[in-house]
Number of protein chains: 2
Amino acid sequence: MITNKQRLTSQKKIIMDYLASVDTHPSAEIIYQAVKRKLPQISLGTVYRNLKQLKKSGQVIHIPYRGTTYFDANLKLHHHFICLNCGRIIDFWSSTQNLNNVIGKQTDIGKIESYKLIFYGKCHKCFSEEE
Amino acid sequence: MITNKQRLTSQKKIIMDYLASVDTHPSAEIIYQAVKRKLPQISLGTVYRNLKQLKKSGQVIHIPYRGTTYFDANLKLHHHFICLNCGRIIDFWSSTQNLNNVIGKQTDIGKIESYKLIFYGKCHKCFSEEE
DNA sequence: TGCTTATTAGTAATCATTATTAAATAGATA
DNA sequence: TATCTATTTAATAATGATTACTAATAAGCA
């Protein structure tokens, strides 16, 4: 029998509160440092475990960049702009997605040099192999 | 004085040839395994170093997924579809970029469940701080 | 052909993340 | 409220991907 009930621990609450309080996109390590100020005995593994769970349950999204994962608890549909110089990840609230002439465009955040668009789903092969 | 001349070594050539020959999106490890069949003494570090250089000079693009980096030498503008079930990364040649109603859409590759759009460039802050 | 410097193989080190485990605790139930 | 049990925790070891280091090799220009 599988019981799969998520429990709201103080650790998870503090992690979620922290994520809700920032408009940056912190890594697990940064979250750990911040959260440790309120809960000094928390361990980095706990931060990772909770982030994984929150990701799985759709409460946070993640942005991979240069080998590390950055987190975002803002679930309103938006995109991201990453500064190739300082590494900052900035929310990008564009209404239109005409990507045809976007390269070189000046936006309110900065100048777009490139972009990456990745779709996720289930391929036909996997779909047809389902039991 | 800075000299920055790239040399075409046999290792680099074989890596590029391999990437040009596939329509999959191999990781450094997979590339290493493939390339080793032609050049048995090649080392994994050499593969990584060359991929890094090719990336820097714009000859390959990379797709990060679940902690590993996948490579693509096809420079024609296209996107990617990642199967959340089998992990396969498939080229996605969509002509339109209307992302508004894309979730749930059935495509010739599979069913889209989500997507990620990331822009890269230089933020205003970094631009203005330039000397 | 010789010279200079980028590149290599081999290996150690690093970084981000996950696994392991015994103890603690959330939250359901008596 | 006390009890119970599966989930979560802290601490730490382990893993996986990637980078750094170093002496030897080899592009490719003069």
Side-chain angles (χ1 to χ4, degrees), chain A residues 1-19 24-57 59-72 82 87 89, chain B residues 1-19 24-57 59-72 82 87 89:
Chain A
M1 172 205 181
I2 297 163
T3 53
N4 206 4
K5 195 101 187 194
Q6 276 194 32
R7 292 180 182 174
L8 182 58
T9 63
S10 56
Q11 289 86 345
K12 189 191 289 183
K13 182 161 185 351
I14 290 177
I15 290 168
M16 290 172 76
D17 286 351
Y18 172 69
L19 279 174
T24 56
H25 302 82
S27 64
E29 179 64 38
I30 297 289
I31 296 168
Y32 171 60
Q33 296 298 338
V35 145
K36 210 162 54 164
R37 290 198 288 267
K38 290 199 170 177
L39 213 62
Q41 82 284 8
I42 199 172
S43 82
L44 182 55
T46 296
V47 173
Y48 271 106
R49 201 175 341 94
N50 275 288
L51 288 170
K52 199 178 194 177
Q53 199 190 247
L54 291 168
K55 210 167 66 177
K56 201 173 185 178
S57 61
Q59 293 169 88
V60 303
I61 61 170
H62 68 287
I63 303 115
Y65 183 59
R66 290 196 181 174
T68 112
T69 304
Y70 298 90
F71 296 89
D72 187 346
I82 303 182
I89 302 176
Chain B
M1 173 205 180
I2 296 165
T3 55
N4 206 4
K5 195 102 189 199
Q6 277 194 29
R7 291 179 185 176
L8 182 58
T9 63
S10 56
Q11 289 85 346
K12 188 191 290 184
K13 183 161 185 353
I14 290 176
I15 290 168
M16 291 173 75
D17 286 349
Y18 172 70
L19 279 174
T24 56
H25 302 82
S27 64
E29 178 65 38
I30 296 289
I31 295 168
Y32 171 60
Q33 296 299 337
V35 145
K36 210 163 53 165
R37 290 199 288 269
K38 289 200 171 177
L39 215 62
Q41 82 285 8
I42 199 172
S43 83
L44 182 55
T46 296
V47 173
Y48 271 105
R49 200 174 342 94
N50 275 288
L51 288 170
K52 200 178 193 176
Q53 200 190 247
L54 291 169
K55 208 165 68 176
K56 200 172 186 178
S57 62
Q59 294 169 86
V60 302
I61 60 169
H62 67 288
I63 303 115
Y65 183 59
R66 292 197 180 172
T68 112
T69 304
Y70 298 90
F71 296 88
D72 187 345
I82 303 182
I89 303 176

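Small disclaimer: the values here were computed from a predicted structure and weren't measured. Convention: sequence-line order gives letters A, B, ...; per-chain numbering from 1.
- Between B/Tyr48 and the phosphate of D/dT18, there is a side-chain N or O to OP1/OP2 separation shorter than 4.0 Å.
- Side-chain atoms of A/Ile89 and A/Asp72, non-hydrogen and from C-beta on, never get closer than 4.5 Å to each other.
- Residue A/Thr46 places none of its side-chain N or O atoms closer than 4.0 Å to OP1 or OP2 of D/dT8.
- Of all nucleotides listed (C/dA16, D/dT19, D/dA26), C/dA16 comes nearest to the side chain of A/Thr68.
- Put simply, B/Gln53 has a side-chain N or O that comes within less than 4.0 Å of OP1 or OP2 on C/dT7.
- Atom CG of A/Leu44 is separated from atom P of D/dA11 by 12 Å (rounded to the nearest Å).
- Within residues 34-43 of chain A, no residue has any heavy atom closer than 4.0 Å to DNA chain C.
- Distances shorter than 4.0 Å separate none of the side-chain N or O atoms of A/Gln6 from OP1 or OP2 on C/dG27.
- Here C/dA16 presents its P atom at 17 Å from NZ of A/Lys52, a figure rounded to the nearest Å.
- To the nearest 0.5 Å, atoms CD (A/Gln59) and CG (A/Leu19) are separated by 10.5 Å.
- Residues forming a side chain to side chain contact (heavy atoms under 4.5 Å, CB included) with A/Lys36 (at least two apart in sequence, or on another chain): A/Tyr32, A/Gln33, A/Ile42.
- Taking only side-chain nitrogens and oxygens, B/Arg49 never comes nearer than 4.0 Å to OP1 or OP2 of C/dT7.
- With distances taken from any side-chain atom of B/Arg7 to the nucleotides C/dG27, D/dT8, D/dA26, the minimum falls on D/dA26.
- We find the CD1-OG1 distance between A/Ile31 and A/Thr46 to be 13.0 Å, quoted to the nearest 0.5 Å.
- A straight line from NZ of A/Lys13 to C1' of C/dG27 spans 17 Å, rounded to a whole angstrom.
- Nearest heavy-atom pair across B/Leu39 and B/Ser10 is CD2-OG, 4.3 Å.
- Between A/Gln41 atom CD and A/Gln11 atom CD the span is 6.5 Å, to the nearest 0.5 Å.
- The OG1 atom of B/Thr69 sits 6.0 Å away from atom NZ of B/Lys55, with the distance rounded to the nearest 0.5 Å.
- The distance from atom OG of B/Ser43 to atom OH of B/Tyr48, rounded to the nearest 0.5 Å, is 11.5 Å.
- Annotation: of the two residues near DNA chain D, B/Ser27 and A/Ser10, the 5′-most nearest-nucleotide partner is A/Ser10.
- For A/Tyr32 and D/dT12, the OH to C1' distance is 12 Å, given to the nearest whole Å.
- Between B/Thr9 and the phosphate of C/dT8, there is a side-chain N or O to OP1/OP2 separation shorter than 4.0 Å.
- Atom pair A/Tyr65:OH and C/dA16:P shows a separation of 14 Å (rounding to whole Å applied).
- Between the C1' atom of C/dC15 and the CD1 atom of A/Ile30 lies a distance of 14 Å, rounded to the nearest Å.
- Atom-to-atom, CG of B/Asn50 to C1' of C/dA6 comes out at 11 Å; the value is rounded to the nearest Å.
- Here the P atom of nucleotide C/dA23 and the CD atom of A/Gln11 are 18 Å apart, to the nearest Å.
- As judged by a 4.0 angstrom heavy-atom cut-off over every strand, A/Glu29 is placed among residues making no nucleic acid contact.
- Summary of the strand contacts: B/Gly45 and B/Lys12 both lie near DNA chain C, and taking for each the nucleotide with the nearest heavy atom, the more 5' one is attributed to B/Lys12.
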